[in-house]
Amino acid sequence: MRIGDAAAAAGTTPRALRFYEERGVLPPPPRTTAGQREYGPDDVARARVVRELLTLGLTIEDLRGVADRIDLLVENPQRRCGCPDSGVPGSRVADRRLAALDAEIARLTRLRDRLAERVDDRSGSSPSSPAAAFSADAP
């Protein structure tokens with residue numbers, strides 16, 4: 001099938017398929033004599049797995065490091081990630097991404113708490129304070 005049909009079947013776009021190929025996450029598909037990419041069911045299945053992993057918060061760079069093992073998830077989509085001895089692609093990659101997400105959540109929580117503190121501290125602030133400028137009561 002051509003790139004547009006493969007992209008639709010994988011739930012993505014032709015541009016995304018070309019990007020995955022350029023980044024080494026998808027192997028280059030065979031080409032027709034006219035030079036057009038020709039995708040098969042295995043290519044579509046792999047693109048679906050890549051897309052799903054990206055929606056879970058992994059990055060293209062994360063996947064690039066385990067590209068040679070993505071087919072393990074294509075063969076068994078129910079395979080679990082996370083067990084060090086599971087042989088699943090990217091258990092360490094997933095652990096690193098989880099740690100990065102936890103750190104970002106902690107950073108955003110601290111930022112939110114600081115902003116809430118400034119907003120909640122309106123009673124002692126003057127009308128010209130930065131917190132007062134963002135309150136609903138500000139003119």
Side-chain angles (χ1 to χ4, degrees):
M1 75 183 78
R2 300 290 164 86
I3 194 167
D5 296 329
T12 191
T13 64
R15 184 176 179 188
L17 290 183
R18 286 189 291 273
F19 178 71
Y20 300 160
E21 182 185 337
E22 288 168 9
R23 301 303 293 169
V25 176
L26 289 181
R31 292 187 179 255
T32 65
T33 53
Q36 295 180 326
R37 292 170 172 86
E38 191 70 32
Y39 293 90
D42 292 341
D43 300 311
V44 171
R46 186 178 173 103
R48 277 192 198 121
V49 168
V50 166
R51 192 177 141 279
E52 180 184 354
L53 293 171
L54 291 171
T55 64
L56 290 173
L58 294 172
T59 66
I60 283 291
E61 290 307 312
D62 292 335
L63 297 181
R64 190 173 166 186
V66 294
D68 61 326
R69 294 181 286 154
I70 291 175
D71 287 332
L72 293 172
L73 290 173
V74 172
E75 294 166 9
N76 182 0
Q78 301 306 313
R79 189 173 226 154
R80 294 182 54 92
C81 298
C83 300
D85 58 346
S86 67
V88 175
S91 358
R92 281 178 255 148
V93 169
D95 289 339
R96 285 193 304 269
R97 182 57 47 206
L98 284 168
L101 288 170
D102 287 341
E104 182 66 5
I105 289 167
R107 184 188 74 77
L108 289 170
T109 300
R110 286 190 306 274
L111 184 63
R112 186 227 174 267
D113 291 346
R114 285 178 44 213
L115 178 59
E117 239 177 65
R118 302 231 28 210
V119 171
D120 290 342
D121 196 27
R122 289 182 289 212
S123 58
S125 62
S126 70
S128 63
S129 74
F134 293 107
S135 75
D137 302 334

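In this chain, residues are counted from 1 in sequence order. Side chains included, hydrogens not; waters and symmetry mates left out as well; all remaining heavy atoms used. In this text the structure is predicted, and so the values were computed from the model without any measurement.
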Result of checking Ile3, Thr32, Leu17 against Arg37 for side-chain contact (heavy atoms from CB on, under 4.5 Å): Ile3
Drop me the distance from Leu26's CG to Asp43's CG, to the nearest 0.5 angstrom. 7.5 Å
What one should report as the nearest heavy-atom pair of Gly4 and Pro14 is CA-CG, 4.0 Å
Spell out, as yes or no, whether a donor-acceptor pair under 3.5 Å connects the side chain of Arg48 to the backbone of Val74. no
Are any side-chain N or O atoms of Arg46 and backbone N or O atoms of Val25, one a donor and one an acceptor, separated by less than 3.5 Å? yes
Using a 4.5 Å cut-off on heavy atoms from C-beta on, say whether the side chain of Arg92 contacts that of Arg96. yes
Working to the nearest 0.5 angstrom, can you tell me the gap between Asp62 CG and Leu53 CG? 9.5 Å
Return the minimal non-hydrogen interatomic distance between Leu58 and Leu54, and the atom names on each side. O-CD2, 3.4 Å
Residues Glu104 and Arg107 bridged, charged N to O under 4.0 Å: yes
Has Asp102 got a side-chain atom pairing as donor or acceptor with Ala99's backbone, closer than 3.5 angstrom? no
Taking the side chain as every heavy atom from C-beta outward, state whether Phe19 and Thr12 have any pair of such atoms under 4.5 Å apart. no
Please confirm whether the backbone N or O of Gly11 pairs with a side-chain atom of Arg51, one donor and one acceptor, at under 3.5 Å? yes
The residue among Glu38, Glu21, Met1 that forms side-chain contact (heavy atoms from CB on, under 4.5 Å) with Pro29 is Glu21
Does a salt bridge link Arg114 with Glu117, judged by any charged N lying under 4.0 Å from a carboxylate O? no
Arg31 atom CZ, over 12 foreign heavy atoms within 6.0 Å: yes
